[in-house]
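The block underneath contains the structure these notes are about, expressed in structure tokens.
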Amino acid sequence: MYSEKVMDHFTNPRNMGSMENPDGKAQVGNPTCGDIMEIAIKVEENKIKDIRFKTFGCGAAVATSSMVTEMAKGKTLEEAEQLTNKTVAEALDGLPPVKMHCSNLAADALHKAIQDYREKQTKKG
Amino acid sequence: MYSEKVMDHFTNPRNMGSMENPDGKAQVGNPTCGDIMEIAIKVEENKIKDIRFKTFGCGAAVATSSMVTEMAKGKTLEEAEQLTNKTVAEALDGLPPVKMHCSNLAADALHKAIQDYREKQTKKG
Amino acid sequence: MKRVYMDNGATTRTHPEVLQAMEPYFLETYGNPSSVHNFGREALKGVEEAREQVQKLINAHDPQEIIFTSGGTESDNLAIIGFAMANRKKGKHIITSAVEHHGVLHTCEYLEKELGFSVTYLPVDKFGLVNVEEFQKTIGEDTILATIMMGNNEIGTIQPIKELAEVAREQGVVFHTDAVQAVGNMPVDVQDLGVDMLALSAHKFHGPKGVGALYVRKGVKLHPHMHGGAQEKKRRGSTHNTTGIIGLGKAAELARDNLSEKVEKVTKLRDKLIKGIEENIEEIVFNGHPEQRLPGNVNFCFRYIEGESLLLSLDLEGIAASSGSACTSGSLDPSHVLLATGLSHEVAHGSLRLTLSYFNEEEEVDYVIEKLPGIIDKLRQMSPLYQSKS
Amino acid sequence: MKRVYMDNGATTRTHPEVLQAMEPYFLETYGNPSSVHNFGREALKGVEEAREQVQKLINAHDPQEIIFTSGGTESDNLAIIGFAMANRKKGKHIITSAVEHHGVLHTCEYLEKELGFSVTYLPVDKFGLVNVEEFQKTIGEDTILATIMMGNNEIGTIQPIKELAEVAREQGVVFHTDAVQAVGNMPVDVQDLGVDMLALSAHKFHGPKGVGALYVRKGVKLHPHMHGGAQEKKRRGSTHNTTGIIGLGKAAELARDNLSEKVEKVTKLRDKLIKGIEENIEEIVFNGHPEQRLPGNVNFCFRYIEGESLLLSLDLEGIAASSGSACTSGSLDPSHVLLATGLSHEVAHGSLRLTLSYFNEEEEVDYVIEKLPGIIDKLRQMSPLYQSKS
Ligand SMILES: Cc1ncc(COP(=O)(O)O)c(C=O)c1O
Ligand SMILES: Cc1ncc(COP(=O)(O)O)c(C=O)c1O
């Protein structure tokens with residue numbers, strides 16, 4: 001069903017956990033539909049210095065969360081904003097068709113976290 | 001499907017063949033429904049001295065024809081008239097349910113042959 | 001790696017003796033049982049022996065009350081569509097429950113949506129039980145058929161079939177029960193239950209997949225669901241699946257052997273597993289009825305986690321289980337059964353079903369009890385819902 | 001006793017390699033292919049490989065166009081009822097032929113009698129062929145579906161499917177063909193034929209009984225016939241018959257191996273048998289088309305005798321054959337196929353079908369040619385119809 005990469009990220013999720021005092025943070029999904037992803041970032045010099053996720057969801061949800069954090073880490077915010085759910089799925093060697101619709105929210109969570117960071121900066125500014 | 005007795009009578013039919021100058025003769029059934037039985041008898045002192053059948057039909061039709069000739073031979077006409085399709089089937093250790101309706105005409109053929117004999121006697125008389 | 005199979009509610013391992021019984025019918029007695037010749041007659045003999053074995057397993061009055069089918073789903077379709085279409089001039093109302101298997105539920109929905117029938121879906125209580133009085137009240141002039149399952153495939157709850165069937169009989173309503181989970185795994189007696197029709201499936205009790213049967217009490221009139229040849233006394237067309245039928249017959253015979261001892265063994269394992277989970281893991285919901293329950297069924301929801309992740313994690317430890325999670329089925333909503341018992345979507349997503357057979361051993365139960373708490377903990381550590389509570 | 005099996009049109013011996021391929025799925029890879037765990041995933045892999053093997057056998061464009069079923073009858077029921085019910089708003093007229101298998105014929109009759117459809121049963125000529133122009137004329141505004149078989153199971157006649165399907169396509173009518181006798185026994189290419197749906201059954205080409213498939217071209221919409229779980233992309237509920245499906249896949253693979261050589265071998269045996277019968281027995285009627293014919297099918301009527309007696313007599317010599325005789329089916333009328341080709345009841349009752357596969361050998365054909373004349377003579381001697389002519 002799942003590719004080896006999906007199972008690798010599911011079994012050994014990268015950057016999993018919570019973060020103290022994140023610079024940006026967001027949650028997408030809701031428990032009714034069975035998927036929630038939370039992403040927190042630390043930003044330094046316009047780059048994602050650190051990133052953490054937590055996920056309630058199926059194997060695909062966990063793996064996409066893990067993968068998106070790995071892909072985003074070290075990138076500039078603009079680069080990170082270029083990541084899409086599709087590129088994340090591709091980096092995992094694809095997802096089963098039934099999983100494309102619901103569990104594939106990780107890039108959305110990342111973008112929202114960046115947005116949160118920007119809004120906070122604006123307020124600070 | 002068929003009992004051993006049915007198969008025995010089918011494989012080695014008793015009294016099969018035609019008869020020269022029978023005292024009584026009858027045919028029942030028709031080719032459309034797939035079963036025709038012909039029975040011919042010789043009568044002496046009110047007893048069935050000889051009997052022959054020919055049959056177009058399935059295994060049950062052949063076996064019941066053979067059996068009825070065996071049962072009738074040597075009997076008085078009145079005794080022979082007591083034979084029914086049911087007693088013939090029972091003597092064969094039964095027939096499959098689907099065969100009870102159509103192939104079980106042998107006693108009818110016998111009765112008609114006796115009737116034919118009686119009619120001829122009346123005419124002669 | 002250790003491999004522990006606890007998904008017997010989904011399907012079971014074919015018993016080696018079942019396969020052994022089937023084998024000659026592939027290579028030697030391969031004739032069509034409808035054929036006149038020896039190859040066919042020998043095959044027919046096997047089929048009719050199997051029919052008697054199934055008859056005995058459920059204590060039917062006559063082997064001719066057994067119709068062989070391709071499985072539980074076809075049996076349910078035949079019972080429901082076959083009966084409804086043949087009797088639609090008497091009425092067009094059908095009663096079922098909200099917790100039926102999709103083989104019943106989607107069939108009823110089809111009759112409703114496409115064929116002009118009306119269907120009542122009886123609700124259940126928190127244990128998953130339908131209410132006999134409520135059932136009685138739902139029966140109207142137009143009601144021709146009730147179809148209520150015996151043992152629930154997800155939460156294991158056993159419905160009061162005898163009482164329900166009695167009510168139906170008094171009101172002149174024909175009663176079908178989907179006993180796919182029950183037959184072969186606990187005593188089932190169609191005469192004692194008083195049902196008119198009953199569906200069973202071989203692969204739920206160590207028989208082969210792709211074969212089942214429908215019990216139809218003498219006198220109950222149905223249309224076929226497989227329109228074709230004159231097989232099964234014109235009630236189910238298609239060349240007999242001889243090997244499957246022989247396998248079903250053998251599985252039925254084996255199931256009857258020491259049934260009560262096997263039920264006792266499985267029930268004991270089940271209760272140990274339930275206790276082990278309850279004692280070692282917090283914030284869980286026990287699903288189904290504590291006593292009126294299939295011998296092999298264990299079902300819990302673990303808060304803050306999602307079922308498919310749980311299954312994958314268990315699988316990595318060699319444990320095969322299932323879940324009513326939406327993500328295992330590719331749909332968005334979790335199990336209609338868990339929702340019907342009153343659980344929220346969020347909790348229902350985190351369900352785990354472990355289903356035992358007499359092939360399971362106590363050390364396997366111990367292994368699951370040993371591994372499960374760590375897995376639950378790891379997944380909760382990953383869950384944003386859990387964090388927000390702690 | 002010598003045993004010669006010449007009833008391959010009824011069913012075939014399972015190929016030993018097919019059984020071998022199935023075995024691990026009974027005892028080891030016994031999981032439910034819908035399950036998440038390893039037991040399930042491995043089973044699913046096998047099912048999907050089998051789907052590709054079937055796809056290749058009939059040259060479908062995409063494996064997802066294959067739906068696994070319980071056999072030829074279910075495939076026909078699914079194609080006809082499933083399509084008719086899903087498209088009944090577009091029209092309610094269906095065209096079929098008078099010589100279809102009961103899996104098609106009784107299904108069409110059901111739609112006619114119970115569900116308000118109208119059905120045209122195209123007549124056939126003395127060879128059993130439908131007429132393409134007549135087919136074209138029968139298509140009307142209200143016509144949604146045509147279902148015409150590829151190879152006739154009794155008399156072996158092969159219909160001009162490509163021409164018929166082309167006419168249907170031009171008129172916007174969906175075309176189904178029951179190719180149960182053809183697939184695996186001769187080249188069948190759904191893309192070349194241009195059909196929208198095609199039914200096949202494993203046990204007609206050395207696969208197991210109780211499993212088949214329906215090819216449904218992408219874009220053709222059907223209702224399921226088995227209402228239940230989400231299997232087969234929601235087109236056929238019920239737990240996958242893993243072992244059966246693996247067997248079908250393997251049989252499909254084996255069928256493709258040297259297909260043309262096998263067809264050549266069987267055709268040669270067939271023609272030798274036909275010649276041997278024609279040269280040694282008088283007052284016979286050759287049934288079916290001499291060239292447009294299934295490779296393994298031989299069918300004659302022997303005047304003055306009845307088919308079941310003939311089968312029993314052959315069986316006593318170890319020869320397994322079949323007949324369109326009424327007495328083999330428990331009905332009163334002989335084969336609707338033989339009657340449709342214009343034979344009288346009387347002659348039709350005396351039919352014999354000998355059907356070969358590549359498992360048959362020339363010496364078996366010789367044996368039948370040696371035994372048959374004596375048997376025919378013995379039965380004719382017993383027949384009151386024969387006497388009256390001589
Ligand atoms: C309660 C119940 N009914 C029906 C079925 C369907 O049986 P099958 O998969 O044999 O079609 C199942 C299992 O899948 C079941 O658990
Ligand atoms: C032409 C044809 N169609 C359909 C069927 C039905 O197939 P099955 O017996 O696998 O249901 C058969 C054989 O029985 C057949 O010969």
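Just so we're on the same page: letters track the sequence lines, and every chain starts at 1. All values below were derived from every heavy atom in this structure, side-chain atoms included, with hydrogens, water molecules and symmetry-related copies excluded. Quantities reported herein were computed from a predicted structural model and do not represent experimental measurements.
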### Query
How far apart are the C-alpha atoms of D/Glu112 and D/Tyr121, what are their side-chain angles, what is the distance that settles it, and do they pass the side-chain hydrogen bond (donor to acceptor under 3.5 Å, both in side chains) test?
CA-CA 12 Å; D/Glu112 207 176 10; D/Tyr121 302 88; 2.8 Å; yes
### Message
For D/Ser344, which atoms come within 4.5 Å of any heavy atom of chain B: side chain, backbone, both, or neither?
### Response
neither
### Message
With a 4.5 angstrom heavy-atom cut-off, is it the side chain or the backbone of D/Leu316 that approaches chain B, or both, or neither?
### Response
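Side chain of D/Leu316 only, per the 4.5 Å heavy-atom cut-off to chain B.
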### Task
Among the options B/Met16, B/Met7, B/Gln27, pick out the one with the most heavy-atom pairs lying under 4.5 Å from chain D.
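Among B/Met16, B/Met7, B/Gln27, the one with the most close pairs to chain D is B/Met16.
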### Message
Using heavy-atom distances under 4.5 Å, tell me whether B/Pro96 contacts chain D through its side chain, its backbone, both, or neither.
### Response
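Neither part.
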### Query
So what's closer than 4.5 Å to chain D heavy atoms on B/Ser65: side chain, backbone, both or neither?
neither
### Query
Is any NZ, NE, NH1 or NH2 atom of the basic residue among B/Arg118 and B/Asp116 found under 4.0 Å from an Asp or Glu carboxylate oxygen of the other?
no
### Message
Using ring centroids (six-membered ring only for Trp), state whether D/Phe359 and D/His206 fall under 6.0 Å.
### Response
yes
### Task
May I ask you to check whether over 12 heavy atoms, not counting those of B/Glu20, lie within 6.0 Å of atom CD?
no
### Query
How are the rings of D/Tyr386 and D/Tyr304 set to each other: parallel, tilted or perpendicular (split at 30° and 60°)?
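Judged by the thresholds at 30° and 60°, the geometry between D/Tyr386 and D/Tyr304 is tilted.
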